[in-house]
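Shown next, in structure tokens, is the structure this report addresses.
Proteins come first, then strands; the chains are lettered A, B, ... in the order of their sequence lines, and each starts at number 1. Nothing here was measured: the structure is a model prediction, and the numbers come from that model.
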Amino acid sequence: MRPSFLDCGAVPKTWRSEIAIHLETFSYMLRSATAEPEVFQEEQTSTAADVPWNVVVHNDPITKMNYVTMVFRKVFGYSKEKSEVHMMEVHQKGRSILWSGLRERGELYVQQLHGYQLLATLEKSQ
Amino acid sequence: MKLRRKGDGKSPIVFEDIEPFFLDQLRRLPGFADPMDDPAAKARLFSAPTPRGGDGDEFNEDWERYVEPEIRGLFRSAQSVVEEDLSPLPEVAGKAPIEAFDPVAFVPTSAKLEIPFKNAEAWLSVLNQARLVIAARRGFGEREMEEELVFPPFSERDLDLFRVHFYDFVQQVLLRELGFE
């Protein structure tokens with residue numbers, strides 16, 4: 001084992017213990033600086049009310065396309081172009097998400113859509 | 001049957017020279033819009049607001065109890081508006097429409113239907129209700145909607161399919177008048 005520089009005669013004996021403490025502290029600081037940082041995960045505290053809900057319109061072979069487009073324009077205030085994109089999605093894919101957000105507002109939209117006889121559901125976002 | 005329009009966004013939409021056959025279909029419109037006790041028609045007009053099963057069931061039950069009556073009221077009110085607009089039209093006398101396919105049924109008459117502009121939305125709703133109710137009762141789907149129409153219809157089924165298309169025609173006219181082509 002190699003002798004420490006504290007053991008050489010250059011350092012007065014009364015200083016040795018104090019220097020040893022400083023060295024120990026310095027060495028701890030070095031170890032801490034190079035170690036992997038500890039990550040504290042923020043606890044998730046969201047509630048069911050925060051989960052977005054989707055207003056979904058489903059395909060129906062009887063209701064005509066331009067009637068559906070008109071309903072989207074009136075209920076959501078969407079432009080003709082945006083309403084047509086959703087209408088085509090309903091027609092081709094069987095369903096389209098028209099709106100996402102808080103449940104209470106979604107319920108109102110579904111009620112309005114049912115008032116126009118569209119097949120609409122309120123679904124919790126995945 | 002001819003359409004007379006000003007297209008100014010406020011004048012009444014007028015159908016005139018209506019043949020007895022088409023007059024009969026118009027007069028029957030509010031009746032067809034009512035699903036009555038037909039389970040398929042009721043299920044279509046009053047569909048569930050969330051997928052059935054799981055935690056959506058409670059919401060569906062509340063909906064049936066509190067929201068559905070409001071929707072029924074909305075439909076009934078639109079039907080009353082349409083009935084009122086149809087009331088000046090003459091009754092179609094005599095035979096059931098299926099037996100009335102003699103040439104007389106297609107001779108224009110002086111009958112005229114005037115739909116006030118403010119009532120056009122109620123008409124759109126009732127026309128759609130009637131199309132959905134007839135289709136649900138008959139089980140019409142995508143395939144039937146693409147079928148070639150038989151005209152004059154020779155069965156009650158063909159007549160119903162014709163009605164679904166005829167009411168669509170009137171709906172298209174109104175959508176155009178409202179600027180929703």
Requested in this report: Find out whether the Lys NZ or Arg CZ of B/Lys42 is both under 6.0 angstrom from the six-membered ring centre of B/Phe46 and within 45° of the ring's axis.
Outcome: no
Query raised in the report: Just by modelled atom types, is the A/Phe72 backbone N or O under 3.5 Å from a matching donor or acceptor in the A/Tyr116 side chain?
Result: no
Query raised in the report: Could B/Asp24 and B/Arg27 be called an ion pair, given the rule that one side-chain N must be under 4.0 Å from one carboxylate O?
Result: no
Query raised in the report: So does A/Lys80 pair up with A/Glu84, basic N to acidic O under 4.0 Å?
Result: yes
**Report entry** Between A/Gln117, A/Lys74, A/Met70, the one whose heavy-atom pairs under 4.5 Å with chain B are most numerous
**Finding:** A/Gln117
Query raised in the report: Do A/Asp60 and B/Arg44 meet the salt-bridge criterion of a basic N to acidic O distance under 4.0 Å?
Result: yes
**Report entry** Heavy-atom proximity to chain A below 4.5 Å, by part of B/Glu68
**Finding:** neither
Query - B/Asp168 portion near chain A, given a 4.5 angstrom heavy-atom threshold - result: side chain
Query raised in the report: Where does B/Leu178 contact chain A at under 4.5 Å (heavy atoms): side chain, backbone, both or neither?
Result: neither
Query raised in the report: A/Gln111 versus chain B, heavy atoms under 4.5 Å apart: side chain, backbone, both or neither?
Result: both
Requested in this report: Please flag which part of B/Ala48 lies under 4.5 Å from any non-hydrogen atom of chain A: side chain, backbone, both or neither.
Outcome: backbone
Query raised in the report: Side chain, backbone, both or neither: which part of B/Glu146 has a heavy atom under 4.5 Å from chain A?
Result: neither
Query raised in the report: Do the charged groups of B/Lys2 and B/Glu16 touch, with an N to O distance under 4.0 Å?
Result: no
Requested in this report: Salt-bridge test for B/Arg157 and B/Asp160: reply yes if a basic N is under 4.0 Å from a carboxylate O, no otherwise.
Outcome: no
Query raised in the report: So which of B/Asn128, B/Val67, B/Thr50, B/Leu132 has the largest heavy-atom pair count under 4.5 angstrom toward chain A?
Result: B/Asn128
Query raised in the report: With a 4.0 Å cut-off, would you call A/Glu123 and A/Arg95 a salt bridge?
Result: yes
Requested in this report: Measure distances from B/Gln171 to the heavy atoms of chain A and classify the residue's part below 4.5 Å as side chain, backbone, both or neither.
Outcome: side chain
**Report entry** Portion of B/Glu144 that has a non-hydrogen atom of chain A nearer than 4.5 angstrom
**Finding:** neither
Requested in this report: Name the region of B/Phe75, side chain, backbone, both or neither, that has any atom closer than 4.5 Å to a heavy atom of chain A.
Outcome: side chain
